[in-house]
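Here's the structure we're looking at; comments come further down.
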Amino acid sequence: MLKEKYQKEIDEIISRYPVKRSALIPLLYLAQQEHGYVTEAAMKEIAQLLRLTPPQVYETVTFYTVLNLKPVGKFHMQVCKSLMCALAGSDTLLGWIKTKLGIAPGESTPDGLFTLSTVECLASCGTAPMMQINDDYYEQLTEAKVDKILGDLKTSGTSDLKSGPYMWPLPVNAVRREG
Amino acid sequence: MPKHELILLKNMSQPGYSGSLADYEATGGYQALRATLGKTAPADVTTAVRKSGLRGRGGAGFPTGVKWGFLPKDYQGPRYLCCNADESEPGTFKDRQLMERDPHQMLEGIVLACYAIGAESAYIYIRGEMVLGSKILERAIGEARAAGYIGNNILGTGTHVDVWVHRGAGAYICGEETALLESLEGKRGLPRIKPPFPATHGLYNKPTVVNNVETLANLPHILTRGAEWFAAIGSPPKSTGTRVFCVSGHVKRPGNYEVPMGVTFRELVYEHAGGMRSNKPIKAFIPGGASAPFLTPDHLDVKMDFESVAAAGSMLGSGGVTVMEEGTSMVWAALRLMEFFYHESCGKCSPCREGSSWLVQTMRRIMAKRGRMEDLETLLDLCKNIAGRTVCAFGDAEVAPIQSTLKYWRDEYVSLIREAEAADLIMPEAAGVRH
Amino acid sequence: MPDATKTTVRLTIDGTPISVPKGTLVIEAARRIGVMIPHFCYHPKLKPDANCRMCLVEIEKMPKLQTACSTLADEGMSVRTATTVVNDAHKSVLEFILANHPLDCPVCDQGGRCDLQDFSHQYTPTTSRFVETKRIFQKDYFSPLIETQMNRCVQCLRCVRYCDEVMDVKALAPAGRGTMTEIKHFGPHPLNCEFCGGCVQICPVGAITSRLSMYEYRPWMLKRADTICGYCGDGCQMTVQTKGQELIEVNSAHGAGRNNGDLCARGFFGFHAAKHPERLTHPLIRRNGILVQTTWEEALEFVADQARKIHAAHGGQSFGGLISGRCTNEELYLFQKFMRVVIGTNDIDSSARYGHLNGIQAMRRIQGTHRWTVSFEDITSADVLLLVGTNITECNPITGLKVKEAVKKRGATLVTIEALEPSIEPISNIANLSLHHFCAPTPRMGNAVLGLLKALVEQNLAHPDVAQQHPAYVRAVTEMLGQISWQDMQAATGRDAAAFADAAKVLAAGRRVIVLAGQGLLRSAGGHHGSLNLLDLLLLIGKLDQPGCGFAPLSEENNDQGAVEMGAAPEFLPGPFDVTDRESCNRVTALWKTALPPHSGASLVEILHRAETGATKAMFIVGENPVGSLPTQMRAEESLRKLDLLICQELFLTETAALAHVVLPAASSMEKSGTFTNTEGHVQTVRPAIEPVGESRPDWEVFVALSFLMGTPLEYAESRDILKEIRSLIPGYGSLGPAPLPTKVDHTVINRYLTDGYQHDLAARYKLSIAAAQPDGIVQLELVQSLFHSGKLSTRSRGLMEVEGGGALRISPQDAARFALKDGDRVRLSNIQGEMTTTITIRERVPRGSAWFPDHFSQTSAHLFGCVLDPVTRTPSIRTTSVSMMKVA
Ligand SMILES: Cc1cc2nc3c(=O)[nH]c(=O)nc-3n(C[C@H](O)[C@H](O)[C@H](O)COP(=O)(O)O)c2cc1C
Ligand code: SF4
Ligand code: FES
């Protein structure tokens with residue numbers, strides 16, 4: 001039960017809105033953070049908390065792509081495949097990741113460590129190609145960077161290649177990977 | 001390198017600027033708030049914004065002061081401000097930078113807007129994927145609250161404004177203002193029919209203003225330096241101020257460039273973005289995000305303001321400029337964007353819902369060299385039948401790539417189809433459903 | 001500039017000028033002049049959603065085509081619906097909608113009455129340009145009663161919106177987005193909801209259909225009969241569709257009947273009861289102790305013979321009769337006439353005795369009517385509604401929809417005194433919509449009513465007119481209530497003075513105030529007093545005689561109201577008029593050309609007593625089952641066994657019929673003509689959908705036949721002749737057709753009441769009913785109405801049995817915790833009368849300390865209950881008792 005563990009957070013979240021239902025997505029995030037995906041029990045509990053019916057929660061969950069109804073790997077690699085990243089070589093990059101992990105988009109590695117997805121534009125077109133892993137962005141990707149990221153994640157669970165606040169202005173002499 | 005004065009990106013371009021409250025205050029931050037709250041009547045703030053000529057930076061370009069003026073004057077009860085930080089239009093990444101690098105600038109804008117429209121609560125609807133941005137904003141709100149810029153009785157002026165960060169959860173459509181409101185109410189992000197407009201029936205059915213991050217970030221500057229100052233920048237009278245253009249694609253230095261409205265695309269691409277990556281000529285560019293029709297090198301000298309771009313047959317939209325070099329397949333590019341629109345159609349309106357799946361399948365078939373000549377007719381027809389017939393502007397947007405590429409590069413479609421005919425592969429593709 | 005003060009606007013549609021009320025949608029304005037604009041997502045009951053985009057029209061001065069379903073008609077507007085541009089737009093939208101639609105019309109139950117088929121026929125060429133792959137949804141099991149075929153869905157969301165906006169159930173979820181949006185319930189779980197059938201009815205295509213009739217028919221094969229539902233007092237109009245003698249399905253057209261096309265599970269899915277294999281198809285007669293098949297001639301002659309003998313030996317007073325409030329008015333009328341004229345007794349009663357009479361007697365006494373002074377339309381336009389003991393979703397679901405409409409669509413304020421906790425469950429809960437909710441246990445609902453009254457008078461909220469004209473009344477009431485302390489009130493109701501004060505203010509400030517009282521109050525021991533006190537409340541706030549205001553007791557059985565009005569009660573002649581009223585007696589005698597029985601009659605409980613003591617020797621029981629419905633303690637079986645002659649007219653061999661000397665098979669309401677009078681006093685036509693099953697016959701025919709055999713012929717060739725006679729006694733009765741105006745209060749009666757009529761029982765009525773302290777392990781067992789059943793008749797319907805197939809005890813989560821129980825556990829309930837074992841289900845709506853058992857399966861619990869008789873109305877209250885509860889392995 002989320003309530004037992006997060007009573008204070010839940011109360012605080014609900015208090016932000018004059019109408020309870022607004023707290024739905026924030027609470028679903030809490031649930032997803034807890035289990036890695038939104039479980040059925042969590043949907044029921046959140047329905048109860050917000051005085052909604054479970055179908056009302058369910059219909060909302062299924063509308064949004066960030067909310068998962070099924071477990072995903074420990075690291076959810078979401079590679080942007082929209083046009084702008086594609087112009088910067090995201091297709092080749094995706095191919096590289098597929099070979100490295102041995103899985104296709106929509107699949108997870110047998111060890112449950114990685115799930116690969118393709119996603120639409122994540123607002124990093126100026127630093128393409130890019131991918132999001134769990135909460136973090138990784139930008140201006142190259143095959144070498146991907147190798148390092150995968151290695152880092154496996155060994156330490158995180159990688160210092162993840163983006164900080166959006167970098168601008170780029171140093172004038174910044175070198176870009178030639179496509 | 002910039003020949004003009006930066007406004008929105010000025011602070012963050014200073015070495016070492018961290019975006020903290022102290023840094024922001026050191027550059028004169030929150031002075032607009034101090035000068036305005038309790039000193040200028042809210043109605044006069046609205047007037048100043050109207051006079052400045054500021055137009056929305058979210059896509060539609062609606063005059064901000066005029067929009068505020070639609071709120072019912074004598075309405076008792078809560079009003080809301082929603083800051084549209086959903087930034088999901090492919091090719092657009094400016095709001096992300098404004099939020100992550102100088103959060104207080106937009107927060108000051110938010111509080112000023114709330115003051116002007118009489119709202120005591122503001123929600124920043126940030127797209128769900130931008131976890132870092134939401135954390136930065138939360139921290140900044142905490143700082144501002146502690147310093148008395150946000151919360152009860154701001155600076156002792158009796159103004160109350162609470163600001164909350166509300167994360168979306170992955171749906172492009174939630175950038176559309178009424179879908180944003182639905183989503184903020186905890187529902188599926190389906191756009192509402194208009195009228196009624198948010199100005200009278202918005203969040204929780206209360207008077208509401210929805211403004212883009214960049215729009216709001218302009219406010220402190222307009223209020224400290226004056227409407228006249230702002231109105232003189234850019235291409236007055238209709239396109240005033242600067243815009244942060246997001247340049248992506250085959251350029252040397254993609255990134256955000258703040259320039260006065262009215263510079264030419266050529267200047268932006270060649271002087272700011274460093275020209276083409278492989279020094280190949282430009283084949284095509286999108287001037288205002290995925291929803292804007294493609295333009296050709298013939299349009300490189302079009303001035304980047306609302307009117308000129310519209311006259312050239314496209315739109316300035318969200319400011320996302322994507323440049324493609326010679327050799328890029330235009331059918332492929334249009335298909336990539338169509339895939340996006342198919343993925344993101346909320347499904348409310350039949351023409352958009354069914355049309356997007358029909359278009360994407362036909363495009364995939366043509367790209368896979370299984371097209372037929374009559375497909376082109378059908379594509380154009382479907383585009384015509386979607387545009388203008390839906391609840392929200394998504395319908396107009398999704399047809400832009402196909403319509404415009406068919407207009408300028410029809411031969412590329414034709415040659416793909418010719419290859420198909422040659423290979424006698426006119427089988428409908430057993431394309432699967434979405435991902 | 002359009003004039004803001006005007007209430008109508010003028011516009012032209014295709015050149016035709018029309019004037020419509022402000023707020024009318026263009027699509028509706030067009031319909032008024034016969035212009036049908038094609039549409040899928042629009043439905044008059046729902047808020048515009050404009051998602052299908054089918055209804056595009058041209059409006060002068062607007063650059064783009066507009067959706068007629070969401071655009072309000074405006075002054076000076078010029079609308080074009082038939083231009084080439086509009087026509088092309090319709091075609092193109094239809095092309096989109098058809099793109100992913102499977103062409104499985106030949107196997108689709110909607111075929112032949114499908115909007116998509118019809119519009120396609122109208123607009124599109126037979127070939128499609130769509131050559132891509134059609135979207136395919138995986139087929140999932142959806143529910144036992146409702147089937148989905150999502151590939152056919154046009155995503156208009158009418159089902160989802162209906163489930164939310166009208167029903168307040170919110171069981172349907174549009175899952176996913178874009179073309180892959182699929183109507184589901186909750187993840188992979190089968191649908192669990194009210195099963196009102198609304199989604200089936202409102203789906204414009206064949207995406208949601210009824211499983212009861214799946215693949216059994218093509219719509220054009222079906223014969224239709226418009227009739228009235230035989231389950232509850234709401235009196236919904238429904239269309240029964242048949243193939244030969246088979247009942248195929250039931251639905252209700254939008255706009256039809258008092259229900260305006262809405263139905264509940266009982267109406268929509270309960271129709272199979274009539275065709276249950278156990279229906280009695282032949283008369284039965286007892287030979288050597290057992291019932292054997294016989295002929296009608298033999299059965300009727302035997303009955304007439306025996307009755308004549310008993311009559312000769314013991315007189316008319318040795319007879320008694322009971323009739324069900326499910327019979328038609330014609331049958332009820334003829335039954336009482338038969339008993340009074342042919343037999344010569346007033347010892348007759350009906351199921352209205354179980355509670356409905358409590359409300360009626362209260363109205364007669366205080367306002368001089370036996371009917372509501374309001375209609376369903378008044379409920380929807382009320383601004384304050386007070387519900388007392390209704391559990392309206394389960395008991396009177398369609399009246400419940402009127403209440404929901406008033407609250408959800410029109411912003412009425414709801415005050416509730418209900419034995420309900422607000423809760424989110426698969427079926428809606430009216431307490432959720434209430435702004436001032438008082439959760440009160442059924443046996444002591446009246447306490448909260450007193451709390452409201454006390455708050456009213458103490459805040460001087462009595463209407464000035466009443467206070468000035470009848471100061472003594474107001475003073476007496478104030479004084480009585482003054483003797484109750486707030487402390488005691490709080491102890492009795494759990495709520496403080498402030499809570500009552502808030503609700504009282506709302507009631508006093510209302511413009512159109514309606515009080516609805518349901519079974520929870522009417523069937524309880526304090527039912528009569530509670531009703532009187534609610535009328536007092538309306539008097540005090542000056543609303544009793546105001547238009548659109550009034551007291552509305554809800555009837556449980558479909559024709560309880562008719563039973564009373566037809567005089568199927570010892571105290572009433574048809575009208576109803578008091579049997580003691582000279583003038584009325586004279587009118588009846590003049591018409592019937594015979595004297596009325598001299599003695600005053602015995603009511604239900606008294607008749608059974610008389611049978612037990614041997615005073616009553618013969619009984620006619622029509623559609624009633626006292627042995628199965630009454631607590632064992634009331635000794636119905638023992639009493640009936642003592643009779644020399646027991647005749648039962650029945651659909652099934654019930655516990656009571658099993659004791660009879662002769663059992664006559666009766667035709668169900670699916671098989672006969674007549675009228676029912678619904679809870680609001682609306683007389684509606686019942687029409688046969690099928691021929692009587694087997695040799696069964698309408699009850700009235702039996703009374704006619706017997707009257708001939710007994711030598712006092714009552715001559716009627718068809719039920720219409722009986723209605724004619726009813727009309728001559730009750731002027732205006734059964735003015736079928738558009739809603740007649742509700743009856744008006746009788747001011748002389750009100751004045752008499754306010755002058756001194758209130759005095760004699762005020763002290764008795766204005767007293768808190770204090771619960772005995774409930775020791776640990778004790779719960780209040782209550783027999784309740786379930787949404788999925790009505791009486792015991794519905795337990796013969798296979799559709800409803802799929803949803804609720806047996807009796808389970810519903811208890812609150814708190815009690816579940818207290819007794820360490822989980823769903824499906826078994827418990828033993830016991831008190832000094834006996835014990836029973838049952839399974840439990842946990843329901844949040846059940847108040848702590850209560851345990852609900854569905855009345856429809858009450859046979860196993862009958863021995864636990866006792867009976868409290870109301871001294872005035874002689875109503876037996878038989879539905880609550882204390883039991884100790886224990887978990888069993
Ligand atoms: C499909 C669609 C997506 C949109 N996405 C965004 C967005 O991501 N960010 C944004 O600011 N405005 C977006 N808009 C525009 C908003 O609807 C709205 O016009 C804007 O937030 C108003 O703010 P502004 O006046 O400050 O520009 C979108 C519009 C449409 C039709
Ligand atoms: S959406 Fe449509 S029907 Fe549906 S009706 Fe409208 S527009 Fe009209
Ligand atoms: S296209 Fe990939 S982040 Fe924008």
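First the proteins, then the strands, lettered A, B, ... as listed; each starts at 1.
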Looking at [X], I want to see if its [atom1] is surrounded by more than 12 non-hydrogen atoms of other residues, nucleotides or ligands under 6.0 Å.
X	atom1	value
C/Lys61	NZ	no
C/Lys47	NZ	no
C/Lys408	NZ	yes
B/Glu374	CD	yes

Heavy atoms only, distances under 4.5 angstrom: which of C/Gln66, C/Lys64, C/Gln155 has the most pairs with chain B? Name it, please.
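Top count of heavy-atom pairs under 4.5 Å with chain B: C/Gln155.
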For chain B, which of C/Asn100, C/Leu65, C/Asp88, C/Leu72 has the most heavy-atom pairs under 4.5 Å?
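Ranked by contacts with chain B, first place is C/Asn100.
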Contacting region of C/Pro174 [heavy-atom separation from chain B under 4.5 Å]:
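For C/Pro174, the contact with chain B is made by backbone and side chain together.
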Please look at C/Ala175 and chain B and tell me whether the side chain, the backbone, both or neither of the residue comes under 4.5 angstrom of a heavy atom of that chain.
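Contact with chain B is through the backbone of C/Ala175 alone.
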Which atoms form the tightest heavy-atom contact between [X] and [Y], and what is the distance?
X	Y	result
C/Thr181	B/Cys346	OG1-O, 4.2 Å
B/Ser350	C/Cys52	OG-O, 2.7 Å
C/Gly176	B/Arg188	O-NH2, 2.8 Å

To the nearest 0.5 angstrom, please state how far the [atom1] atom of [X] sits from the [atom2] atom of [Y].
X	Y	atom1	atom2	result
B/Glu354	C/His101	CD	NE2	11.0 Å
B/Met363	C/Glu132	CE	CD	11.5 Å
C/Thr67	B/Ile193	OG1	CD1	6.5 Å
C/Ser70	B/Arg192	OG	CZ	14.5 Å
C/Phe96	B/Cys349	CZ	SG	11.5 Å

Below 4.5 Å, heavy atoms only, C-beta onward: do C/Met180 and B/Arg353 meet side chain to side chain?
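Not touching, per the 4.5 Å side-chain cut-off.
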If we only count heavy atoms from C-beta on, is the B/Asn385 to C/Lys91 side-chain gap below 4.5 Å?
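Of all side-chain heavy-atom pairs linking C/Lys91 with B/Asn385, none is under 4.5 Å.
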Do you know which of B/Thr378, B/Leu190, B/Thr362 has the most heavy-atom pairs under 4.5 Å to chain C?
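Among the listed options, the one with the most contacts to chain C is B/Thr362.
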Can you tell which of B/Pro351, B/Gly347, B/Pro191, B/Pro195 has the highest number of heavy-atom pairs within less than 4.5 Å of chain C?
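Of the candidates given, the most pairs with chain C belong to B/Pro351.
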Please look at B/Leu382 and chain C and tell me whether the side chain, the backbone, both or neither of the residue comes under 4.5 angstrom of a heavy atom of that chain.
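Both the backbone and the side chain of B/Leu382 come within 4.5 Å of chain C.
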Can you give me every donor-acceptor pair (side chain of residues 389-402 of chain B, partner residue at least two apart or in another chain, under 3.5 Å) with its distance?
unit_1, atom_1, unit_2, atom_2, d
B/Arg389, NH1, C/Ser92, OG, 3.0
B/Thr390, OG1, B/Cys392, O, 2.9
B/Asp396, OD1, B/Gly388, N, 2.7

Chi angles and distances behind the side chain to side chain contact (heavy atoms under 4.5 Å, CB included) call for C/Arg177, B/His343:
CA-CA 9 Å; C/Arg177 72 184 188 211; B/His343 187 259; 3.6 Å; yes
